[in-house]
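Take a look at the structure below.
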Amino acid sequence: MNIIGPFKFLALILFQSILIFIISLVFNAIKKSLGKHFPSNFNSSDLFPFIFGLYIYQISLDKHSISCLPQVLMFWLILGIIFGIFYLIRFQESSILKYYKIFWKMGIIYMFVAWIGTIIFYGYQIL
């Protein structure tokens with residue numbers, strides 16, 4: 001059971017949503033101001049797995065200081081191993097860099113879905 005009430009839970013979700021928007025705006029402004037000195041293949045969405053990991057930890061923290069973040073990360077790594085095996089079977093001549101790029105983009109989507117799932121699961125318990 002969580003230690004926050006329903007209004008604090010909704011405020012936390014609102015704060016997290018606004019903060020992810022602000023981080024994206026600031027990152028894009030920095031990227032635009034630095035121009036060619038900034039890596040062109042690095043986007044603001046590449047920071048999302050770290051941010052969503054923190055958000056999942058904040059939402060799922062209970063009174064015993066236990067979070068569901070380790071299970072979320074473990075499932076992400078298991079998916080990465082399964083995807084890696086599939087990738088090696090499908091494309092025998094491939095580069096590890098291409099795999100890591102695809103794995104990271106898949107991680108961005110996975111962490112967003114995990115964040116939404118955490119909101120729904122703990123929101124149902126709290127509200």
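The residues of the chain are indexed from 1 along the displayed sequence.
Residue pairs meeting the side chain to side chain donor-acceptor pair (under 3.5 Å) criterion with at least one partner in residues 65-91, sequence neighbours excluded, are Ser60-Ser67.
Hydrophobic clustering of Ile, Leu, Val, Met, Phe, Trp and Tyr side chains at less than 4.5 Å, counting indirect connections, unites Phe50 with Val72. In the hydrophobic clustering of this structure, Ile82 does not group with Tyr100; members are Ile, Leu, Val, Met, Phe, Trp, Tyr whose side-chain heavy atoms approach within less than 4.5 Å, directly or through other members. In the hydrophobic clustering of ILVMFWY residues, with side-chain heavy atoms under 4.5 Å counting as a link, Leu73 and Leu79 come out together. Hydrophobic clustering (ILVMFWY, side-chain heavy atoms < 4.5 Å, transitive): Ile66 and Ile126 are in distinct clusters.
Applying the salt bridge (charged side-chain N to carboxylate O under 4.0 Å, His left out) rule to Lys105 yields the partners Asp46; only residues at least two apart in sequence or on another chain are considered. Residues satisfying the side chain to side chain contact (heavy atoms under 4.5 Å, CB included) criterion with Ile81, sequence neighbours excluded, are Ile85. Checked against side chain to side chain contact (heavy atoms under 4.5 Å, CB included), Ser95 has the following partners two or more places apart in sequence or in another chain: Leu97, Lys98.
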Distance-only check: which donor-acceptor pairs under 3.5 Å involve side-chain atoms of residues 25-38, not counting sequence neighbours?
from  : atom 1 : to    : atom 2 : distance (Å)
Asn28 : ND2    : Ser24 : O      : 3.2
Lys31 : NZ     : Phe42 : O      : 3.1
Lys31 : NZ     : Asn43 : OD1    : 3.1
Ser33 : OG     : Ala29 : O      : 3.3
Ser33 : OG     : Ile30 : O      : 2.9

Sequence neighbours excluded and cut-off under 3.5 Å, please list the side-chain donor-acceptor pairs for residues 8-16, or say none.
from  : atom 1 : to     : atom 2 : distance (Å)
Gln16 : OE1    : Trp115 : NE1    : 3.0
Gln16 : NE2    : Gln58  : OE1    : 2.9

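Smallest separation of non-hydrogen atoms from Ser45 and Ile108: O-CD1, 3.2 Å. Nearest approach of Ile102 to Phe83, heavy atoms of both residues: CG2-CZ, 3.2 Å.
Side-chain contact between Ile20 and Tyr55 is present, with heavy atoms from C-beta onward closer than 4.5 Å.
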### Message
Set out, in order, the CA-CA distance, both residues' side-chain angles and the distance that settles side chain to side chain contact (heavy atoms under 4.5 Å, CB included) for Cys68 and Ile56, then state yes or no.
### Response
CA-CA 8 Å; Cys68 73; Ile56 290 169; 3.9 Å; yes
### Task
Output, in order, the C-alpha distance, side-chain angles, deciding distance and verdict of ring pair (Phe, Tyr, Trp, His ring centres under 6.0 Å) for Phe112 and Phe48.
CA-CA 8 Å; Phe112 177 74; Phe48 287 177; 8.4 Å; no
### Criterion side chain to side chain contact (heavy atoms under 4.5 Å, CB included) on Phe91 and Tyr99, from CA distance to verdict
CA-CA 10 Å; Phe91 308 105; Tyr99 164 75; over 6 Å; no
